[in-house]
Amino acid sequence: MYTGLKGKHLIYEQDWEKEEIEALLDMALDLKKMRALKQSHKYLDTRTLFLLFFEESTRTRNAFETGITQLGGHANYLIPKLTQIDHGEGPKDTVEVLSRYGEGIGIRNTTWGVGNRYMRELAKYSRIPVINLQCDLFHPTQSLADLLTLKEKLGDLRGKKFVMSWTYAPKYVRPISMPQSLITLMPRFGLDVTLAHPPEFFLMPEIVEQARENARKAGSRFEIVHDMDEAFQDADVIYAKSWGALAYTQDEPTILQLIEKYPGWKVTEQGMQLTKEDSRYMHCMPIDRGIEVENAVADGSHSVIYDEAENRLHIAKAIMALTME
Amino acid sequence: MYTGLKGKHLIYEQDWEKEEIEALLDMALDLKKMRALKQSHKYLDTRTLFLLFFEESTRTRNAFETGITQLGGHANYLIPKLTQIDHGEGPKDTVEVLSRYGEGIGIRNTTWGVGNRYMRELAKYSRIPVINLQCDLFHPTQSLADLLTLKEKLGDLRGKKFVMSWTYAPKYVRPISMPQSLITLMPRFGLDVTLAHPPEFFLMPEIVEQARENARKAGSRFEIVHDMDEAFQDADVIYAKSWGALAYTQDEPTILQLIEKYPGWKVTEQGMQLTKEDSRYMHCMPIDRGIEVENAVADGSHSVIYDEAENRLHIAKAIMALTME
Amino acid sequence: MYTGLKGKHLIYEQDWEKEEIEALLDMALDLKKMRALKQSHKYLDTRTLFLLFFEESTRTRNAFETGITQLGGHANYLIPKLTQIDHGEGPKDTVEVLSRYGEGIGIRNTTWGVGNRYMRELAKYSRIPVINLQCDLFHPTQSLADLLTLKEKLGDLRGKKFVMSWTYAPKYVRPISMPQSLITLMPRFGLDVTLAHPPEFFLMPEIVEQARENARKAGSRFEIVHDMDEAFQDADVIYAKSWGALAYTQDEPTILQLIEKYPGWKVTEQGMQLTKEDSRYMHCMPIDRGIEVENAVADGSHSVIYDEAENRLHIAKAIMALTME
């Protein structure tokens with residue numbers, strides 16, 4: 001199992017078998033313990049991970065850059081305008097070269113219609129594992145850290161109610177990658193998923209279909225509601241963040257206007273009272289504090305956002321340790 | 001002493017006891033010798049230092065980045081626009097996450113009324129040491145390197161005349177952090193400090209008061225003069241650089257105009273003849289050559305600017321080795 | 001031989017003796033084999049290489065950054081606007097400081113009339129080796145990797161026909177450093193060099209003269225032709241890329257207009273039929289695909305572009321291992 005993952009790309013969680021994901025979580029916990037004990041674990045000594053960021057990042061970049069350092073290797077942090085990519089070099093030429101130099105490549109590119117396609121194209125020519133650090137469709141390194149967090153917090157996930165809720169947030173349009181990753185991943189591990197959003201903020205139909213199919217196979221449940229309170233009722237987990245409207249993905253002003261219809265979609269202390277007493281509030285961060293969620297919730301007893309963020313590190317290390325050679 | 005510094009922030013020199021600073025200088029000299037002998041000294045193997053720069057840097061960044069490499073660890077070089085800070089993420093969320101990943105965080109932010117406050121806010125929530133890489137008020141990693149340089153050059157510091165002089169320099173306004181750090185730190189170690197500047201370029205009254213108090217306690221002297229020649233008379237050390245006018249800190253054009261009143265405040269060979277024969281010329285760099293100082297002085301026999309710059313490395317390493325875990 | 005290279009700058013291939021270059025190629029092959037066998041080769045443990053890029057880069061940066069990681073050290077990636085260089089700090093002050101901190105410094109600066117001069121100025125004051133990562137005149141880390149590739153592909157180089165051909169490419173003006181490095185280096189190792197370009201795209205007369213002189217001394221041949229087909233006849237190696245017109249180097253629009261006179265200078269499958277059956281197609285990348293060369297050639301059986309790009313890594317490592325202390 002463990003050794004079989006060398007060279008495997010991670011672009012969409014669905015490309016990994018459940019057993020492979022379990023091996024990954026197990027490895028993440030091992031590495032977490034080793035770090036806590038300050039045990040050396042340089043499994044990737046002198047190895048290079050390329051980090052190619054088309055957009056800004058705090059958690060993803062630092063989880064991987066710090067992670068590869070702890071594993072004994074090094075991350076080359078690259079942005080397109082400082083490489084030949086902005087001089088027009090295509091994915092084949094870029095990756096044919098980089099995969100001769102280093103041992104892994106992570107990419108963030110959330111541009112709609114571009115990001116996932118770019119990664120798939122890189123993966124086609126790459127000799128080293130390609131890791132999706134968030135694209136227009138998925139965000140697996142976050143969703144897997146979230147799964148790890150839930151295992152730590154809840155133990156048995158079977159039958160637990162996981163709410164993936166849209167929230168209001170102005171200023172800029174967030175990708176749909178986070179909810180798409182979570183609704184497809186969580187049912188496979190026994191969680192009952194409720195997806196909640198205003199009607200216009202639906203996700204890709206084929207992804208929703210995949211979520212349903214995953215729930216069916218795993219014997220868990222999947223439902224969609226258009227009311228936040230209804231969704232929160234008896235929830236074990238509230239994962240609530242803003243995202244853009246799929247129907248208008250090319251047109252930011254229209255989406256921002258549409259978002260303005262729903263300022264009431266906010267996580268409040270009052271709303272959290274509808275959930276189970278020991279429910280958890282999750283967010284992948286950055287949070288638009290006071291807008292997406294009341295500070296009293298984000299900093300309150302339900303919140304596990306920092307533990308969740310920490311697990312980004314341990315999952316990042318497990319992905320690298322298992323896939324890079 | 002040594003082990004007691006683990007986790008300690010370094011934001012203002014005054015927060016460190018004299019004995020703690022002496023332990024730091026001692027460690028810096030040890031590390032300097034080890035490097036000269038090419039002895040391995042990986043005290044921070046696989047550890048991460050975050051370097052968060054709101055402004056450009058040559059010496060500070062490279063002293064820390066090279067330093068952590070020599071100690072076996074790695075620096076993540078971060079600038080706000082490539083992180084979620086420019087997407088509005090506040091200091092609490094940023095540091096709660098980073099301090100789960102790495103072992104230390106250094107910040108440069110010299111924006112008036114912002115920099116020091118930002119660091120104090122980070123320190124409040126940080127689980128790892130916060131190192132001030134220059135703020136609007138202080139520049140401790142430079143002043144401590146300067147103190148080390150003086151110990152090497154002068155031996156006994158007691159009763160030596162240290163002149164902190166303003167100089168003319170156009171184009172942009174320099175922070176007051178350097179003189180504020182130096183006038184408070186140097187009297188504690190026995191140096192007699194003369195602060196020289198045109199009347200409008202006074203420093204913060206509470207900092208000047210602290211300098212006086214430090215001199216009083218240590219039995220050294222502190223004085224302010226408004227004439228460069230008077231200050232240079234019989235000086236052992238000339239530390240001369242430009243800074244902005246506190247009374248107008250929000251208004252760059254006004255300060256630049258005010259600076260134009262004093263083009264004569266320049267370190268010259270003639271001026272250096274007023275000092276002791278074996279006096280030292282210091283500058284934290286970058287120097288505005290030919291403007292702040294004649295090249296003949298900057299490159300002449302009094303100048304210790306490159307030895308001073310080198311000590312940035314050894315002090316940086318000592319700070320990291322003593323405070324990071 | 002090997003130990004004698006410590007501290008040696010690499011700015012122009014001509015500054016290195018033939019035997020020194022042979023030692024370098026030999027070391028590159030040793031390091032290539034060690035990596036293939038995953039043998040540890042941390043010859044520069046905890047050492048720092050400064051990488052100062054005035055322009056974007058993919059291969060050069062990543063070959064050196066990954067290379068120093070494999071050798072156990074670390075690269076500080078620097079760009080002028082994030083250092084004090086853009087605040088006006090000159091080369092002397094920059095390098096006097098950096099060469100106290102780290103063990104090597106690489107620079108890319110291809111600005112006409114500036115790049116090479118800047119490097120020579122740095123080298124004058126540097127205590128550590130200065131490596132030219134491409135300037136306005138030369139690109140030695142690429143040409144040496146190309147020489148290594150040719151040794152691997154052709155074995156005996158004596159009497160082989162090496163064509164350095166200009167190609168058409170619009171949008172921006174490429175430096176003349178690549179052809180100038182190749183025409184002077186290749187004759188020293190026995191290759192017969194044919195330089196092909198439209199009349200206006202001549203190289204610097206003194207460099208052409210050096211190429212002739214090198215050929216004469218080595219008993220190889222050097223010629224210039226102004227017809228692509230004539231050049232390709234019976235060639236063993238086609239190295240074809242665009243460059244700017246020397247006579248107008250300050251004036252980009254004029255050069256771009258001049259380039260438009262020669263859209264027919266393109267490497268085609270038809271053109272390759274004039275060459276020897278087992279001839280090689282080379283390009284330093286980034287390639288303007290479909291413009292400089294047909295994709296069928298770039299991705300075809302003659303092409304060695306990715307092997308050539310990989311050798312950037314091994315040559316980079318050999319340069320560092322031999323010159324840095």
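All chains are named by letter (A, B, ...) in the order of the sequence lines, taking the proteins before the strands, and each is independently numbered beginning at 1.
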Determine whether [X] and [Y] make a side-chain contact, defined as any pair of heavy atoms from C-beta on separated by less than 4.5 Å.
{"X": "Y77(A)", "Y": "N76(B)", "result": "no"}
{"X": "E56(A)", "Y": "I85(B)", "result": "no"}
{"X": "R312(A)", "Y": "Y101(B)", "result": "yes"}
{"X": "Y306(A)", "Y": "K92(B)", "result": "yes"}

Check: Please walk me through it: do L82(B) and F53(A) pass side-chain contact (heavy atoms from CB on, under 4.5 Å)?
Finding: CA-CA 9 Å; L82(B) 295 177; F53(A) 278 89; over 6 Å; no
Check: With only heavy atoms counted, which part of L71(A) is less than 4.5 Å from chain B, the side chain, the backbone, both or neither?
Finding: neither
Item checked: Heavy-atom proximity to chain B below 4.5 Å, by part of D307(A) -> both
So which part of [X] gets closer than 4.5 Å to some heavy atom of chain A, the side chain, the backbone, both or neither?
{"X": "Q84(B)", "result": "both"}
{"X": "E325(B)", "result": "both"}
{"X": "D45(B)", "result": "side chain"}

Notebook entry, point to check: Counting only heavy atoms not in R117(B), do more than 12 fall under 6.0 Å of its CZ?
Noted result: no
Margin query: Take a 6.0 Å sphere around CD of Q257(A) and say whether it holds more than 12 heavy atoms from other residues, nucleotides or ligands.
Written below: no
Next item on the list: Find the one option among L78(B), V97(B), D93(B), T94(B) whose heavy-atom pairs under 4.5 Å with chain A are most numerous.
Entry: D93(B)
Can you tell me how far apart [atom1] ([X]) and [atom2] ([Y]) are? Round to the nearest 0.5 Å.
{"X": "D288(A)", "Y": "E89(B)", "atom1": "CG", "atom2": "CD", "result": "11.0 Å"}
{"X": "H74(A)", "Y": "T69(B)", "atom1": "NE2", "atom2": "OG1", "result": "7.5 Å"}
{"X": "T58(A)", "Y": "D86(B)", "atom1": "OG1", "atom2": "CG", "result": "9.5 Å"}
{"X": "D299(A)", "Y": "E96(B)", "atom1": "CG", "atom2": "CD", "result": "8.5 Å"}

Item checked: Top of E55(A), K171(A), K38(A) for chain B proximity - count of heavy-atom pairs under 4.5 angstrom -> K38(A)
Notebook entry, point to check: So, R100(B) side chain and N311(A) main chain: donor-acceptor pair closer than 3.5 Å or not?
Noted result: no
